[in-house]
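The structure appears below as structure tokens.
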Amino acid sequence: MRTSELLFPTLREDPADTVVISHKLMLRAGMIRQLASGLYTWLPLGLRVLRRVENIVREEMDRAGAQEILMSGVQPAELWQESGRWQHFGPELLRLSDRHQRDFCLGPTHEEVVTDLVRREVNSYKQLPLNLYQIQTKFRDEVRPRFGVMRSREFIMKDAYSFHTSAESLVEGYQRMHDAYCRAFDRIGLDYRAVLADSGAIGGTGSQEFHVLADSGEDDIVFSTESHYAANIEKAQCIPEGTRAAPNEDLRRVETPTQKTIDALVRDFELPVTRTVKTLIVKAADGLEHAFIALIIRGDHTLNEVKAEHHPWIHAPLTFASESEVRSVMGAGPGSLGPLGCPIPMIVDHQAALCSDFGAGANDDGWHWFGLNWGRDLPEPVTDDLRNAVEGDLSPDGIGRVMIRRGIEVGHIFQLGTKYSEAMGAQVLDEQGRNVVMHMGCYGIGITRIVAAAIEQQHDQRGICWPASLAPFDVCIVPIGANKSPEVTTASDALMARLEALGFSVLIDDRNLGPGPRFADMDLIGIPVRLVMSPKTLEADQVEWKGRTDAEAELIPVDAVVARLTQVVRAQ
RNA sequence: CGGGGUAUAGCGCAGUCUGGUAGCGCAUCUGCUUUGGGAGCAGAGGGUCGUUGGUUCGAAUCCAGCUGCCCCGACCA
């Protein structure tokens, strides 16, 4: 390919309104252009990268025995009503109607469609297990699209769905997908982690997310320093540490007219933050005696909403009481709440339950209790794991302590079980001729997001540094001094033809520009290898070789290029 | 959904406070020169100033509505 014929509008200046580096570089490199909030057009260079990601994923899915299909992006409402998700999905589901006023949605995922297909076409256990996948455009009307293609509304996803006669078979299929994901991410060259995840509203028994580690990630990943334990912070268990010290202080009521926050309390009363607790009021699950539940966590901890939501006493989705509700239930406003005299059921975080001689609101505006102790001033608490892990906590597997890093979720695998097959009547006959409900798994990879994630991980001041597996071209050729010496053009064209004949993808920068802007553009778009040909190098039958991340270029014989390039491209 | 910002040439911006009919850099086009890290000279093209309405002799500028886009928040006791 010749740059003189390629649409790649590079930008010299930083575009406005970009906050993450991948978004900025994708715009500058002419890979994408924004069409509307969360919607992008992929230009030739960007599309080449996207296709490479797709192809790696496709090869690994095929290798794992999955079969590619293609389902419609527009889906009839009836299927979603059958699974119950027409009601439960929020405004994220873009609904529309056709000319006959029939309801449809733009598919954010395809469980319903694939389950419908399989219940019609698969009738016997002999046809299982079966894994179907597609690489397709999805639409989710995100609350706030941002970060370019990292959180866009329209995006390309590889989604696979497996069907099994038993839970055991599902576990096998799930493990097979796990391994295929690892192979794909290894080949792409990402620094990633498979982490335990919350299986969320989808339910099911097992779920893992694959995260690319990057500071710009939107999720917190909890790791052990000593073991292989890794989990999404939503899921990471917190193991209480230490034992509760015996009471040492007398209970006392202290006037705190201006201390409405833990910070203020700690600052003004020289109370260690680990001897404070905060009290949060949330809506109780339907059908309980009380309308609200108090949650108590240590002052320096934060509530884990996913854990809280899973508690049988607590309403899902988690809903905080409004200020007026807090006031009417507790008799005091936020900032003065506490466990002593609390009129509603309390759930206390494990670690908060180990506090002694602690301070908390008195349920009376402007007053706190200090020197509180469980079992003395308060009943022994009902406890649960309610908080987010923090760095330095004991690792949940008991080995080492935890660190927390940011991650970009690029894959998610689920054991769905029978949620959809049950709701939609997807059954087969087993060996005994009995109807059995199929067990299902689903497995997603964010193709477009991987492109951004790879850039987040591999770039420098000059631009993108593509891994060889994703680069839009394997190599670029920059001829210099072609106007003076026609031989430069002849020789670089010949080299391009030779490399292309061997299957390499080659970009030749034949634009009538000085070397500066061409070098800068080739660096920006991140081609792994740059070959420079000039009258000087040709005289010695040489070419200048520079890897994208090499500090210096070096001269090598023209005849050595093929061998060296083969090494680089195959080394991925 | 709440709060904030912003909208002027392809891109990045100034001009708005103090109303008088639009400018800078890059990019683009033409010609000549120029080829080892974002070239030089000379010339040229390109904007109903997001949109609707209002105030005014006169609006990019003042006022109101609408829309787009961006940011922050939606863990607070």
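Chain identifiers are assigned alphabetically (A, B, ...) following the order of the sequence lines, protein sequences preceding nucleic acid strands; residue numbering begins at 1 within each chain. Quantities reported herein were computed from a predicted structural model and do not represent experimental measurements.
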In the strands shown, is [N] matched to any nucleotide by a Watson-Crick or G-U wobble pair with both distances under 3.5 Å, and which?
| N | result |
| --- | --- |
| B:U51 | B:G65 |
| B:C11 | B:G25 |
| B:G46 | none |
| B:C1 | B:G73 |
| B:C41 | B:G31 |
| B:U16 | none |
| B:G36 | none |

Would you classify [X] as touching base, sugar-phosphate or nothing, given that sugar-phosphate means primed atoms plus P, OP1 and OP2, and contacts are heavy atoms under 4.0 Å?
| X | result |
| --- | --- |
| A:Arg28 | base |
| A:Ser336 | sugar-phosphate |
| A:Thr537 | base |
| A:Asn304 | nothing |
| A:Arg462 | base |
| A:Ala16 | sugar-phosphate |
| A:Arg327 | nothing |

Spacing of A:His301 atom NE2 relative to B:C76 atom P, expressed in whole Å =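 Rounded to the whole Å, the gap is 16 Å.
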Whole-Å distance separating the CG atom of A:Asp141 from the P atom of B:C1 |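 A:Asp141 atom CG is separated from B:C1 atom P by 11 Å.
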Using atom names, set out every protein N or O paired with an N or O of nucleotides 71-74 of chain B below 3.5 Å, distance rounded to 0.1 Å.
residue	atom	partner	partner atom	Å
B:C72	OP2	A:Arg144	NH1	3.0
B:C72	OP2	A:Arg144	NH2	2.5

Does A:Asp14 or A:Leu513 map to a spot on RNA chain B nearer the 5' end, using the closest nucleotide for each?
->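 Its nucleotide being nearer the 5' end, the pick is A:Asp14.
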Kindly give the heavy-atom pair with the smallest separation between A:Ala453 and A:Val410, and that separation in Å.
->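 Scanning both residues, the minimum pair turns out to be CB-CG1, 4.1 Å.
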Taking atom types as modelled, find out whether [X] and [Y] have a side-chain donor-acceptor pair closer than 3.5 angstrom.
| X | Y | result |
| --- | --- | --- |
| A:Asp510 | A:Thr3 | yes |
| A:His412 | A:Ser207 | yes |
| A:Glu456 | A:Ser216 | yes |
| A:Asp385 | A:Gln237 | no |

Please give the distance between the [atom1] atoms of [N] and [M] as a whole number of Å.
| N | M | atom1 | result |
| --- | --- | --- | --- |
| B:A59 | B:C49 | C1' | 11 Å |
| B:U67 | B:C57 | C1' | 31 Å |
| B:G20 | B:C62 | C1' | 14 Å |
| B:G50 | B:U16 | C1' | 16 Å |
| B:G47 | B:A9 | P | 11 Å |
| B:G12 | B:U18 | P | 29 Å |
| B:C66 | B:G23 | C1' | 29 Å |
| B:C1 | B:G10 | P | 32 Å |

Identify which nucleotide among B:G36, B:G37, B:C26 has an atom closest to any side-chain atom of A:Glu544, counting heavy atoms from C-beta outward.
->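 The answer is B:G36, which lies nearest to the side chain.
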Which nucleotide in the list B:G38, B:G36, B:U35 gets nearest to the side chain of A:Pro517?
->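 The answer is B:G38.
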Crowding at CD, A:Glu539 (>12 non-hydrogen neighbours, <6.0 Å) |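 Open.
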Compute both the distance and the angle, then confirm whether [X] meets the cation-pi test with [Y]: under 6.0 Å from the six-membered ring centre, within 45 degrees of the axis.
| X | Y | value |
| --- | --- | --- |
| A:Arg564 | A:Trp545 | yes |
| A:Arg95 | A:Trp80 | no |
| A:Arg449 | A:Phe155 | no |

Pair A:Ser97-A:Asp103, side-chain hydrogen bond (donor to acceptor under 3.5 Å, both in side chains): steps then yes or no | CA-CA 4 Å; A:Ser97 52; A:Asp103 291 327; 4.8 Å; no
Under a 4.0 Å heavy-atom cut-off, which of residues 34-47 of chain A touch RNA chain B?
->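 Residues of residues 34-47 of chain A under 4.0 Å from RNA chain B: A:Gln34, A:Ala36, A:Ser37.
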On the 0 to 90° scale, with breaks at 30° and 60°, tag the A:Phe370-A:Phe269 ring pair as parallel, tilted or perpendicular.
->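 The rings of A:Phe370 and A:Phe269 stand perpendicular, inter-plane angle above 60°.
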